[in-house]
J.: 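Have a look at this one before I ask anything.
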Amino acid sequence: MTGVPASLFHPRWARWEDHFDVTSELLIAGKTPTGRATVALLQMNRPLVVAIRREEALRGRFP
């Protein structure tokens with residue numbers, strides 16, 4: 001967003017809750033530069049991925 005380099009999220013060194021939120025539409029939103037960079041690079045909100053999240057939420061497995 002700002003053009004300033006940001007590191008990617010590393011699950012062994014950082015807490016998911018510190019860097020990401022889940023919206024009511026089940027999209028992953030980055031709360032920090034690291035979170036936003038990770039969401040963008042990994043394309044975490046592709047239509048197929050969001051559809052899978054919806055299915056998992058209906059089954060009680062997400063979030």
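As a basis for the values below, the full set of heavy atoms in this structure was taken, side chains included, without hydrogen atoms, waters or symmetry mates.
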J.: Going by side-chain hydrogen bond (donor to acceptor under 3.5 Å, both in side chains), name the residues that satisfy it together with Thr38, two or more places apart in sequence or in a different chain.
T.: none
J.: How far apart are the closest heavy atoms of Ala37 and Ala6, and which atoms are they?
T.: CB-CB, 4.1 Å
J.: Please list, one pair per line, the donor and acceptor atoms closer than 3.5 Å that link side chains of residues 52-62 to other protein atoms, with sequence neighbours excluded.
T.:
unit_1	atom_1	unit_2	atom_2	d
Arg53	NH1	Leu26	O	2.8
Arg53	NH1	Asn45	OD1	3.2
Arg53	NH2	Met44	O	2.3

J.: Can you measure from CG (Leu41) to CD (Gln43) and round to the nearest 0.5 angstrom?
T.: 8.0 Å
J.: For Thr23, what residues pass the side chain to side chain contact (heavy atoms under 4.5 Å, CB included) criterion, not counting sequence neighbours?
T.: Glu25, Leu27, Ala29
J.: Output the rest of the hydrophobic cluster of Trp13: all Ile, Leu, Val, Met, Phe, Trp and Tyr residues reachable through side-chain heavy-atom contacts under 4.5 Å, sorted by chain and number.
T.: none
J.: For residues 14-22, which side-chain donor-acceptor pairs fall under 3.5 Å, sequence neighbours excluded?
T.:
unit_1	atom_1	unit_2	atom_2	d
Arg15	NE	Asp18	OD2	3.3
Arg15	NH2	Asp18	OD1	3.4
His19	ND1	Thr32	OG1	2.7

